[in-house]
Amino acid sequence: LAAKAASLRGLGRCKWILGDHEASYHLLHEAFDAMQQIGSLEGIVSCLCELGIEESEYGHYSRARVALQEGLSLARQLRDEDEVANLEHELGLVEAKDGQASKAETLFRSALAHARLGGIPTRIATSAKELAVLALRRHDVDTAESLEAESTKLLEAAGEKYLLAHNLQ
């Protein structure tokens, strides 16, 4: 069952990347159910994160929040700094998309702090980038430039060409 759960999750992610969001959504739900059956908290957290992202893509922000907050609660129980940072970051994206800039900023700051604790350069870079965007919207150019420079430097050092290209948009 563990192999099936992992396969379903992987296939769901592939479908999402290929733009087949309906298939992705169903596969991720199946993976989530299988992860629950085998009691894999790490798998459940991962599926909740991916389901939250999927719900956000559909514009279902309240459902995205529920999935991501549930995943965040479990990630905190597991003391998984990487997943905590990831889920806070994804929740920040949901809040930003939903026009809740203040909530988004709080979540991105927390994600950045957890990423720094965990030494996760790409998460530091992506959270710093989102904070730079919010700073720019507030017309705080100095903060935006500082955060953008930190983000770019980290992505260059990590050799993250895809994220770096996205960062420069």
Side-chain angles (χ1 to χ4, degrees), residues 9 12-13 16-17 24 28 31-32 35 40-169:
R9 190 177 135 252
R13 291 180 73 182
W16 185 79
I17 290 168
S24 171
L28 289 171
F32 175 75
M35 293 293 184
S40 171
L41 290 182
E42 293 87 356
I44 291 168
V45 168
S46 180
C47 287
L48 285 167
C49 182
E50 290 165 9
L51 285 166
I53 293 168
E54 193 68 38
E55 291 289 6
S56 178
E57 290 294 317
Y58 283 116
H60 302 148
Y61 301 128
S62 61
R63 291 197 306 226
R65 280 184 195 97
V66 169
L68 293 168
Q69 287 168 344
E70 187 177 337
L72 180 57
S73 176
L74 291 172
R76 285 181 175 142
Q77 287 176 25
L78 293 169
R79 301 186 195 291
D80 185 336
E81 292 296 327
D82 187 19
E83 276 303 324
V84 168
N86 184 40
L87 286 152
E88 286 178 335
H89 181 87
E90 293 300 336
L91 270 166
L93 292 173
V94 169
E95 297 299 351
K97 287 179 186 177
D98 200 23
Q100 304 295 319
S102 178
K103 288 181 182 179
E105 184 169 353
T106 299
L107 287 160
F108 289 137
R109 285 191 187 286
S110 185
L112 183 59
H114 283 282
R116 287 187 198 284
L117 282 174
I120 311 160
T122 53
R123 179 61 58 216
I124 294 167
T126 54
S127 292
K129 169 63 177 182
E130 295 301 333
L131 284 167
V133 169
L134 293 173
L136 200 54
R137 289 183 184 156
R138 289 191 321 269
H139 306 289
D140 184 352
V141 176
D142 291 338
T143 299
E145 286 177 347
S146 173
L147 289 163
E148 184 75 31
E150 177 184 16
S151 178
T152 300
K153 181 179 175 183
L154 286 166
L155 293 174
E156 285 174 344
E160 289 284 350
K161 293 178 182 175
Y162 172 78
L163 288 174
L164 186 57
H166 179 72
N167 214 36
L168 297 174
Q169 292 178 355

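Computed from a prediction, not measured in an experiment: that's the story for all the values here.
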Using only atom types and a distance under 3.5 Å, with no angle test, would you say the side chain of S46 pairs donor to acceptor with the backbone of E42? no

Kindly compute the distance separating NE2 (H60) from OG (S56), expressed to the nearest 0.5 Å. 10.5 Å

Atom pair NZ (K103) and CD (E95), whose distance is rounded to the nearest 0.5 Å: 5.0 Å

How close do I124 and A115 get, counting heavy atoms only, and between which atoms? CG1-CB, 3.6 Å

Non-hydrogen side-chain atoms of N86 and C49 separated by less than 4.5 Å: yes

Atom pair OG/CZ of S127 and R109 - distance to nearest 0.5 Å: 11.0 Å

First locate atom OH of Y61, then atom CG of L91, and finally report the distance between them rounded to the nearest 0.5 Å. 13.5 Å

Closest heavy-atom pair, A64 versus V94, reported as atoms and distance to 0.1 Å, is CB-CG2, 4.0 Å

Flag side-chain contact, heavy atom, 4.5 Å: T122 against I120: yes

Single hit among H89, H114, R116 for side-chain contact (heavy atoms from CB on, under 4.5 Å) with R123: H89

Taking only Lys NZ, Arg NE, NH1 and NH2, and the carboxylate oxygens of Asp or Glu, determine whether K129 and E150 approach each other closer than 4.0 Å. no

Hydrogens and angles aside, do W16 and E54 bring a side-chain donor and acceptor to less than 3.5 Å of each other? yes

Is the shortest side-chain N to carboxylate O distance from R76 to E83 below 4.0 Å? no

Less than 4.0 Å between a side-chain N and a carboxylate O, is that true for K97 and E57? yes

So, E88 versus S110: side-chain donor-acceptor pair below 3.5 Å or not? yes

L87 vs V45, side chain to side chain contact (heavy atoms under 4.5 Å, CB included): CA-CA, chis, key distance, verdict: CA-CA 9 Å; L87 286 152; V45 168; 3.8 Å; yes

In Å, rounded to the nearest 0.5 Å, how long is the span from CD1 of I44 to CG of L51? 11.5 Å

Criterion side chain to side chain contact (heavy atoms under 4.5 Å, CB included) on L131 and L112, from CA distance to verdict: CA-CA 9 Å; L131 284 167; L112 183 59; 3.7 Å; yes

Does this structure show an ion pair linking D98 with R65, if we count only N-O contacts that are shorter than 4.0 Å? yes

Here the pair of heavy atoms bringing A111 nearest to A85 is CB-O, 3.4 Å

Would you name the heavy atoms of A144 and L136 that are closest together and state the gap between them? CB-N, 3.9 Å

Test side chain to side chain contact (heavy atoms under 4.5 Å, CB included) on D142 and D140 and set out the steps. CA-CA 6 Å; D142 291 338; D140 184 352; 4.3 Å; yes

State whether the side chain of S24 and the backbone N or O of G12 hold a donor-acceptor pair below 3.5 Å, judged by distance alone. yes

Evaluate the side chain to side chain contact (heavy atoms under 4.5 Å, CB included) criterion for residues S151 and L155: first the C-alpha distance (whole Å), next the side-chain angles of each, then the deciding distance (0.1 Å), finally the verdict. CA-CA 6 Å; S151 178; L155 293 174; 4.1 Å; yes

Is L74 close to D80 at the side-chain level, that is, under 4.5 Å between some pair of heavy atoms? no

Which value, rounded to the nearest 0.5 Å, describes the distance between R13 atom CZ and I53 atom CD1? 8.5 Å

